[in-house]
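Notes follow the structure.
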Amino acid sequence: QVRLVESGGGSVETGGSLRLSCTASATTYTSNCMGWFRQAAGNKREGVAFIYSGAGVDTTWYVDSVKGRSTISQGHAKNMVYLAMNNLTSEDTAMYYCAAKISQSGDSCRPGYTFQHYGQGTQVTVSS
């Protein structure tokens with residue numbers, strides 16, 4: 001059983017930065033598709049950022065609201081994923097969930113497709 005464990009959440013002021021981390025508990029687990037969802041109170045879950053590693057090239061996907069101020073990356077062992085977010089606003093306040101799967105292509109490494117594993121979440125709160 002693969003368990004994803006997130007860390008790095010917390011409370012920051014508007015304009016601040018955070019780096020979220022996610023590690024798969026099984027060291028032998030590797031994934032070519034990892035990413036982050038988030039869910040704010042009263043809202044539906046939305047995909048934030050995803051990374052697909054295939055044929056030596058990483059393909060990324062970002063939701064429009066974080067483009068240009070967020071960077072997703074994957075650890076060398078392909079069982080870790082990071083999300084660095086800058087210039088945070090109150091709109092970024094949410095529970096952030098790590099997700100992972102084995103994807104057939106980069107096109108299916110994004111929201112709208114089924115992921116095999118999810119973490120328990122880490123809370124990000126942005127306040128002025």
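Source: prediction; values computed, not measured.
With side-chain heavy atoms closer than 4.5 Å counting as contact, directly or through intermediates, Val57 stands alone and belongs to no larger hydrophobic cluster.
Under the 4.5 Å side-chain contact rule for hydrophobic residues, Tyr82 and Tyr118 do not share a cluster.
Nearest approach of Tyr29 to Ala24, heavy atoms of both residues: CD2-CB, 3.7 Å. Listed here is the closest heavy atom pair of Ser70 and Leu83: CB-CD1, 4.3 Å. Here the closest heavy-atom approach between residue Leu20 and residue Gly9 is recorded as CD2-N, 3.6 Å. Scanning all heavy atoms of the two residues, the minimum distance from Ile72 to Met34 falls at CD1-O, 4.0 Å. Shortest non-hydrogen contact noted between Met95 and Gly121 is SD-C, 3.7 Å. Minimum heavy-atom separation, Ser53 to Gln74: OG-OE1, 2.9 Å.
Separation of atoms CG (Asp58) and CD1 (Ile51) is listed at 4.0 Å; rounding is to 0.5 Å. Rounding to the nearest 0.5 Å gives a distance of 5.0 Å between CZ of Arg38 and CE of Met85. Here the straight-line distance linking atom SG of Cys33 with atom NZ of Lys78 works out to 12.0 Å at 0.5 Å rounding. From Leu4, atom CG reaches atom OG of Ser31 across 8.5 Å, with rounding to the nearest 0.5 Å.
Not counting sequence neighbours, the partners of Leu18 by the side-chain contact (heavy atoms from CB on, under 4.5 Å) test are Val12, Leu88, Val124.
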Go through Trp36 and Cys22 one step at a time and tell me if the side chain to side chain contact (heavy atoms under 4.5 Å, CB included) criterion holds. CA-CA 9 Å; Trp36 296 89; Cys22 171; 3.7 Å; yes
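Using modelled atom types, no side-chain atom of Asn43 and backbone atom of Ala40 make a donor-acceptor pair closer than 3.5 Å. Asn87 places no side-chain N or O within donor-acceptor distance of the main-chain N or O of Gly15, the cut-off being under 3.5 Å. Without hydrogens or angle criteria, Lys101 side chain to Cys109 main chain gives no donor-acceptor distance under 3.5 Å.
Within the structure, salt bridge (charged side-chain N to carboxylate O under 4.0 Å, His left out) contacts touching residues 113-124 (residues at least two apart or in different chains) do not occur. Among pairs with a residue in residues 49-77, those fulfilling ring-ring contact (aromatic ring centres under 6.0 Å, His included) read Phe37-Phe50, Phe50-Trp61, Phe50-Phe115, at least two apart in sequence or across chains. Identified under the side-chain hydrogen bond (donor to acceptor under 3.5 Å, both in side chains) test for residues 3-22, with sequence neighbours left out: Ser17-Asn86. Within the structure, salt bridge (charged side-chain N to carboxylate O under 4.0 Å, His left out) contacts touching residues 105-120 (residues at least two apart or in different chains) do not occur.
The shortest side-chain heavy-atom distance between Arg69 and Asp92 falls under the 4.5 Å cut-off. Residues Cys98 and Val81 are in side-chain contact: their nearest non-hydrogen atoms beyond the backbone lie under 4.5 Å apart.
No side-chain donor from either of Thr125 and Thr93 sits under 3.5 Å from a side-chain acceptor of the other.
Crowding of Gln120 atom CD: a count of heavy atoms from other residues, nucleotides or ligands under 6.0 Å not exceeding 12. For Gln39, the CD atom is densely surrounded, since the number of other residues' heavy atoms within 6.0 Å is greater than 12.
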